[in-house]
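Counting convention: from 1, in listed order, for ligands and their atoms alike.
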Amino acid sequence: MRIGVLALQGDFHEHIQSLRRLGVQGAEVRLPGDLDGLDGLIIPGGESTTIGKLAVTYGLLDAIRQFGRNHAIWGTCAGAIFLAKEAHRPQPLLGLMDIVVERNAFGRQTESFEIDIDIPALARTGNGHAPPYHAVFIRAPLIESVGDGVDVLATLDTGRIVAARQGRFLATSFHPELTADDRFHRFFVDMTR
Ligand code: GLN
């Protein structure tokens with residue numbers, strides 16, 4: 001199994017390390033040809049405007065859309081924005097996932113925070129009980145709304161959505177690659193099978 005990590009900007013290196021801890025080979029993706037033979041793709045956190053512009057420059061926008069027709073794709077933070085169909089700003093988006101996001105929904109960089117949240121989908125036994133998930137939010141987006149066929153995986157106490165899945169697409173507002181908890185990477189690896 002080989003999972004690509006979009007390596008245009010942002011914390012792609014940390015995703016590759018997380019995959020390695022699971023014994024999964026990660027491959028840096030910078031050009032359309034790098035997608036050949038991959039089983040899935042992770043789009044890291046960073047700056048979604050920059051990632052989008054570079055993706056356009058390198059011909060990756062259509063290549064990733066094509067790849068998404070039959071492969072799993074996971075976007076974390078800026079990556080979740082890039083996956084979305086709408087972000088209320090003029091910036092290149094993949095538009096693969098039927099979610100609307102609100103960028104920088106918690107304010108500035110200094111308003112970044114970490115919090116434990118319940119994510120029943122991470123329970124491995126199927127009984128819905130999973131230990132709380134420690135989620136890191138860095139100038140994070142919220143998932144403002146989801147379309148039909150999108151499952152909400154996690155919300156904050158306020159009810160606002162921070163993780164969602166639509167078939168082979170996964171979006172998280174936070175950064176699983178920045179903690180030692182590998183449950184989200186396992187979850188995605190399972191999605192690629
Ligand atoms: N604020 C960034 C954006 O809007 C996302 C931040 C992140 O990926 N940690 O693209």
Counting non-hydrogen protein atoms only, what is the nearest one to atom 4 (O) of ligand 1? Give residue, atom name and distance.
Arg103 NE, 2.7 Å
for atom 7 (C) of ligand 1, nearest protein heavy atom and its distance come out as Cys77 SG, 2.8 Å
Is the contact between Ile81 and ligand 1 made by the side chain, the backbone, both, or neither, using heavy atoms and a 4.0 Å cut-off?
side chain
Does a donor on one side chain and an acceptor on the other come within less than 3.5 Å for Glu114 and His134?
yes
Short side-chain donor-acceptor distance under 3.5 Å, Ser173 and Arg160
no
Gly45 heavy atoms within 4.0 Å reach ligand 1 at atoms 8 (O)
Residue pair Arg103 / Gln91, side-chain donor-acceptor N/O under 3.5 Å
yes
Going by the closest heavy atom to atom 2 (C) of ligand 1, which one wins out of Gly46, Ala105, Gly75, Ser112?
Gly46
Using a 4.0 Å heavy-atom threshold (strictly under), name the region of Arg139 that reaches ligand 1: side chain, backbone, both or neither.
both
Any N/O pair Ile138/ligand 1 closer than 3.5 Å
yes
Between His15 and His185, how do the two ring planes meet: parallel, tilted or perpendicular, split at 30° and 60°?
tilted
Look up atom CZ in Arg139 and atom SG in Cys77, then write down how far apart they are to the nearest 0.5 Å.
9.0 Å
Taking the basic N atoms (NZ, or NE/NH1/NH2) and the acidic carboxylate oxygens, is any pair closer than 4.0 Å for Arg186 and Asp182?
yes
Surrounding CZ of Arg21 (heavy atoms of other residues, nucleotides or ligands, distance under 6.0 Å), is the total greater than 12?
yes
Report yes if some N/O of Pro141 lies less than 3.5 Å from some N/O of ligand 1; otherwise report no.
no
Return the closest protein heavy atom for atom 1 (N) of ligand 1 as residue, atom name and distance.
Asn104 OD1, 2.7 Å
Would Ser48 count as a polar contact of ligand 1, with the cut-off being nitrogen or oxygen pairs under 3.5 Å?
yes
